[in-house]
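What follows is a short report on a single structure.
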Amino acid sequence: MAKKFWPGPLTLVLPRRKDCPVSLLAGAGLDTLAIRIPAHPVALALITRADRPIAAPSANRSGAVSPTTPDHVAESLGEAVDLILDGGPCSVGVESTVLDLTGSLPAILRPGGVTKAELAETMGEIAEAGDEAHPRSPGQLASHYATQTPLRLNATEVGTGEALLAFGTDVPDGADLVENLSPSGDLREAAANLFAMMRRLDTLNAAGIAVMPIPESGLGAAINDRLRRAAHG
């Protein structure tokens with residue numbers, strides 16, 4: 001899996017060794033650690049210069065909409081951080097896929113930038129695991145990625161005062177505030193645009209955000225996972 005997908009948006013959850021020097025705080029006290037090698041050249045340069053593993057959380061407040069640009073990080077964390085390395089906008093948009101390799105079957109804890117079909121080509125049968133009461137991965141909480149403006153999913157029409165998060169060409173009339181994840185219906189483009197467009201619509205003081213249906217295939221699984229958790233919030 002590492003040879004095929006690293007560097008890239010795949011996180012592998014592995015058993016923690018008894019002599020592991022990584023602080024228990026960095027692993028939420030679990031008996032596992034999640035390992036990833038990102039593909040971005042700035043991140044790789046930092047890892048190379050550090051010459052050791054880096055334990056790090058996501059660059060946003062827990063539960064909030066994920067950042068995909070340096071400006072998003074600054075808005076979310078403000079003076080809580082001393083430095084932001086500006087590598088430009090994220091190319092994938094949604095977070096990495098988290099794959100748990102500690103059980104009898106590989107299990108997806110969080111869908112993300114590597115699809116289930118891509119994983120199955122190498123691993124065979126893939127399970128999907130989730131325990132919101134005892135999460136083993138970021139993004140497993142029922143309410144996550146939440147906007148301040150209420151989200152309404154699978155919308156086929158726009159209500160009074162609602163903004164619209166659209167997808168594809170068949171966009172319903174009636175919304176003055178529209179962001180289209182991908183006018184051509186490309187799920188990779190939609191994933192790259194998702195969080196930035198959610199953030200923009202969230203700043204417009206709309207009564208709500210109506211979200212058009214997104215296919216569940218490919219990266220659509222990761223997109224819909226984020227939208228369902230945001231709507232739950």
Side-chain angles (χ1 to χ4, degrees), residues 1-18 20-41 43-44 46-47 52-60 62-63 65-68 90-145 187-188 190-192 194-195 214-230 232:
M1 297 299 285
K3 287 179 180 178
K4 182 171 183 178
F5 294 107
W6 282 355
L10 176 65
T11 297
L12 301 179
V13 177
L14 302 167
R16 180 189 180 98
R17 286 170 37 166
K18 290 182 179 180
C20 178
V22 177
S23 168
L24 284 169
L25 290 173
L30 299 174
D31 57 359
T32 57
L33 284 174
I35 312 297
R36 182 165 78 92
I37 301 179
H40 197 284
L44 288 173
L46 174 64
I47 292 168
R52 68 193 62 200
I54 297 174
S58 299
N60 64 292
S62 178
V65 179
S66 297
T68 53
C90 294
S91 59
V92 178
V94 293
E95 297 88 345
S96 64
T97 300
V98 178
L99 187 68
D100 187 350
L101 297 178
T102 63
S104 57
L105 279 178
I108 294 176
L109 300 183
R110 179 182 71 187
V114 178
T115 68
K116 184 177 181 180
E118 290 172 326
L119 296 173
E121 289 178 4
T122 300
M123 300 293 288
E125 186 178 356
I126 304 286
E128 292 195 35
D131 184 351
E132 293 164 3
H134 302 91
R136 292 177 62 83
S137 169
Q140 279 194 301
L141 297 173
S143 174
H144 203 59
Y145 315 104
L187 288 170
R188 290 201 173 273
L194 177 64
F195 289 129
I214 311 292
E216 281 284 349
S217 58
L219 275 176
I223 295 170
N224 283 312
D225 172 78
R226 305 318 189 264
L227 288 170
R228 281 191 291 267
R229 295 177 194 277
H232 189 282

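- Scanning both residues, G113 and V94, for their nearest heavy atoms gives N-CG2, 4.1 Å.
- Residue L101 holds its CG atom at 11.0 Å from OG1 of T32, rounded to the nearest 0.5 Å.
- Here the side chains of L227 and L194 are in contact, with some heavy-atom distance below 4.5 Å.
- Between P215 and N224 the shortest heavy-atom distance is O-ND2, 3.3 Å.
- Distance check, rounded to the nearest 0.5 Å: CE of M1 to CD of E118 gives 9.5 Å.
- Contact check for K116 versus T97: no side-chain heavy atoms found under the 4.5 Å cut-off.
- Counting only distance, with no hydrogens or angles, the side chain of S23 and the backbone of L25 share a donor-acceptor pair below 3.5 Å.
- Counting heavy atoms from C-beta outward, L10 and K4 have side chains that stay 4.5 Å or more apart.
- Of the inter-residue distances, the one linking R16 atom CZ with L14 atom CG reads 12.5 Å to the nearest 0.5 angstrom.
- Salt-bridge annotation for R226 and E95: present, with a side-chain N of the basic residue lying under 4.0 Å from a carboxylate O of the acidic one.
- Taking CD from E121 and OG1 from T115, the interatomic distance works out to 7.5 Å, rounded to the nearest 0.5 Å.
- With L12 as reference, L99 is the one residue of L99, D100, L33 to meet the side-chain contact (heavy atoms from CB on, under 4.5 Å) rule.
- Expressed to the nearest 0.5 Å, how far CG of D225 lies from CD of E216 amounts to 9.0 Å.
- Nearest approach of F5 to L119, heavy atoms of both residues: CE1-CD2, 4.2 Å.
- Of all non-hydrogen atoms in A190 and I223, the two that sit nearest each other are CB-CD1, 3.8 Å.
- Here the closest non-hydrogen pair linking P7 and A39 is CB-CA, 3.6 Å.
- Side-chain contact between V13 and V98 is present, with heavy atoms from C-beta onward closer than 4.5 Å.
- Within the 4.5 Å cutoff, side-chain heavy atoms of P38 are placed close to those of I47.
- Taking all atoms of both residues into account, the shortest heavy-atom contact from T11 to S96 is OG1-OG, 2.7 Å.
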